[in-house]
2 protein chains.
Amino acid sequence: MALAEAILVCLTDRPMSGYDLAKTFDASIGFFWRASHQQVYRELARLRDRGLVDSREIEQSGRPNRIIHTITDAGEDVVHAWSLKPCRMPSVKDELLVKLYALDHVDIPVLHEQLDIRLDQHRAKLAAYHRIKEKFYDGQDLTRTQKGKLIALTMGISNESEMVKSLGKAITMLGEIDAQS
Amino acid sequence: MALAEAILVCLTDRPMSGYDLAKTFDASIGFFWRASHQQVYRELARLRDRGLVDSREIEQSGRPNRIIHTITDAGEDVVHAWSLKPCRMPSVKDELLVKLYALDHVDIPVLHEQLDIRLDQHRAKLAAYHRIKEKFYDGQDLTRTQKGKLIALTMGISNESEMVKSLGKAITMLGEIDAQS
DNA sequence: AATCTATATGCAATTATGTGCATAGCGGTT
DNA sequence: AACCGCTATGCACATAATTGCATATAGATT
């Protein structure tokens, strides 16, 4: 149930609407915890019911009213309590690796394409991380929160650039197998 | 629903009981797709209902009877069709990174411990991968299937060793923040 | 004039995953 | 003698996540 906490964490920064949060989950915090807009709205309703956010509607003309959610003291307590609890290992579920594992039962040219696509996706992610790093975290005077975000981002960059490298290697290895048979 | 396919892939190797499969998901294929024994048994029942595996009970004395599941032709067709479908990006969900992201709302000494624990977990995984690689894949005469598994394993090793490196860096960075405040 | 994108919210149904429990005998340890 | 771990299966309940749908309007593009 750490989606609740991820949302609360976002709201410690500033009060936001569900729409804003959904966009945040498409970028920044979404790099570490993915969630769809439906999930966000559902979880916000629960947080409201549990008294962890204070939700108030803002009148707008021309478009649907926004509902701005503010974290409450109870919400901040929940975040702190969560920070003390042990972290789970992220659960691994990668179809591409399963396909490599099952090489003999798989269409090799198609797998090749799929590896190329994945490589592009990781390259794109890496580029996005670098842009964000340069734009927001390359000055010297960073606040503590910014430093935390920079550490997370740095880990993201390491992982993505390693993925790019190891996918390259995997494609080469697959090519060699292909050539032999 | 790729748990179904992951199970079918295991059964292309040899017919297995649910118990065997559960153990396989605790190791080898479990490195790329995690599943609990309950999940495996439930999915096997579904595969049986869909006619993708053939399940027959083997009498045993002294312990519960085993049910051996064999992949059917229909099952193999499903695996092949799945191999043609595009792969999803694995969904990222890492509490530890969320905690780094939320540094200002988190207990720092506890986070330090959690990073250390995670570092140990990745070191353990890396060591396990290396042991498997040396034991099964360091000879020269590898079959095609083995080569596929080796590629997957090699990617696992790259990722884990990068995780070890970047967690080390993260711990250092966190230490520097701690010292300053 | 019609379509597309962005804003803004959310329900309903299905599928997937996780947690706890239940059964039961064998063999080894304390 | 009591307990633990391994073998072997699975149900039931609870929580989480995905997918498709639904509504409504402004402004820009084709």
Side-chain angles (χ1 to χ4, degrees), chain A residues 1-8 15-27 30 32-50 53 55-69 82 85-95 98, chain B residues 1-8 15-27 30 32-50 53 55-69 82 85-95 98:
Chain A
M1 232 238 235
L3 174 58
E5 284 85 359
I7 290 175
L8 289 173
M16 280 191 244
S17 69
Y19 188 80
D20 293 334
L21 277 164
K23 275 199 299 181
T24 306
F25 275 85
D26 274 345
F32 317 122
W33 198 278
R34 276 250 141 250
S36 65
H37 80 269
Q38 292 94 332
Q39 246 179 298
V40 169
Y41 282 112
R42 204 187 319 146
E43 196 61 46
L44 277 170
R46 274 182 218 156
L47 291 172
R48 192 173 46 208
D49 291 345
R50 292 165 64 195
V53 301
S55 314
R56 49 190 63 184
E57 203 161 347
I58 306 286
E59 295 286 329
Q60 289 192 142
S61 58
R63 58 193 55 176
N65 293 339
R66 324 182 78 213
I67 297 169
I68 301 292
H69 308 272
W82 160 76
K85 282 197 293 183
C87 296
R88 296 188 189 172
M89 277 286 262
S91 80
V92 193
K93 265 164 220 286
D94 192 335
E95 280 192 82
V98 176
Chain B
M1 233 240 235
L3 175 57
E5 284 84 2
I7 288 175
L8 290 173
M16 279 193 244
S17 69
Y19 188 79
D20 293 334
L21 277 163
K23 275 198 299 180
T24 306
F25 274 85
D26 272 347
F32 317 122
W33 198 279
R34 276 249 141 253
S36 64
H37 81 268
Q38 291 93 334
Q39 243 179 300
V40 170
Y41 282 114
R42 207 185 320 160
E43 198 61 48
L44 276 170
R46 274 181 218 157
L47 291 172
R48 193 174 44 208
D49 292 346
R50 292 167 63 195
V53 301
S55 314
R56 49 189 64 184
E57 202 162 348
I58 306 286
E59 294 286 329
Q60 291 193 141
S61 59
R63 58 193 53 178
N65 292 339
R66 324 182 78 212
I67 298 167
I68 301 294
H69 308 272
W82 160 75
K85 282 197 293 184
C87 296
R88 295 185 186 175
M89 276 285 262
S91 81
V92 194
K93 265 163 219 284
D94 193 336
E95 280 191 81
V98 176

Could you tell me the separation between the CD atom of B/Q60 and the P atom of D/dT9, rounded to a whole number of Å? 8 Å
In whole angstrom, give the distance that lies between atom CG of B/L3 and atom C1' of D/dA17. 15 Å
Please state how far atom CG in B/L21 lies from atom P in D/dA8, giving the value in whole angstrom units. 13 Å
Using the closest heavy atom to pick a nucleotide of DNA chain C for each, name whichever of B/E43 or B/S36 lands nearer the 5' end. B/E43
Quick one: list whatever passes side chain to side chain donor-acceptor pair (under 3.5 Å) with A/R88, sequence neighbours left out. none
Pairing residues for B/E95 by the salt bridge (Lys or Arg N to Asp or Glu O under 4.0 Å) criterion, not counting sequence neighbours: none
Rounded distance (Å) that lies between atom C1' of D/dT7 and atom CG of B/N65: 12 Å
Mind checking salt bridge (Lys or Arg N to Asp or Glu O under 4.0 Å) for A/R50 and listing every partner two or more places apart, or none if nothing turns up? none
Taking any atom closer than 4.0 angstrom to a non-hydrogen atom of chain A, what span of DNA chain C does the protein reach, first nucleotide to last? C/dA6 to C/dT19
Who are the side chain to side chain donor-acceptor pair (under 3.5 Å) partners of A/D26, not counting sequence neighbours? none
A/R46 atom CZ is separated from D/dA16 atom P, nearest whole Å, by 6 Å
Between atom OH in B/Y19 and atom P in D/dG5, what is the gap in whole Å? 13 Å
Contact class for B/R34 (heavy atom, under 4.0 Å): base, sugar-phosphate, or nothing? nothing
Calculate the interatomic distance between A/Q39 atom CD and D/dT15 atom P; express it in whole Å. 16 Å
Only counting residues at least two apart or in another chain, list the ones meeting salt bridge (Lys or Arg N to Asp or Glu O under 4.0 Å) with A/R66. A/D20
Go through the structure and list residues passing side chain to side chain donor-acceptor pair (under 3.5 Å) with A/S55, not counting sequence neighbours. A/H69
Among residues at least two apart in sequence or on other chains, which ones pass salt bridge (Lys or Arg N to Asp or Glu O under 4.0 Å) with B/R46? B/E43
If you look at every strand shown and take non-hydrogen atoms under 4.0 Å, does A/S17 touch a base, only sugar-phosphate, or nothing? sugar-phosphate
Report, one pair per line, the protein and nucleotides 10-13 of chain D atoms (nitrogen or oxygen only) whose separation is under 3.5 Å.
residue	atom	partner	partner atom	Å
D/dG10	O6	B/H37	NE2	3.2

Is a side-chain N or O of B/K93 found less than 3.5 angstrom from the main chain of A/P90, in a donor-acceptor match? no
Integer-rounded Å distance: D/dA16 C1' and A/K93 NZ: 12 Å
Rounded to the nearest 0.5 Å, what separates atom OG in B/S36 from atom OH in B/Y41? 11.0 Å
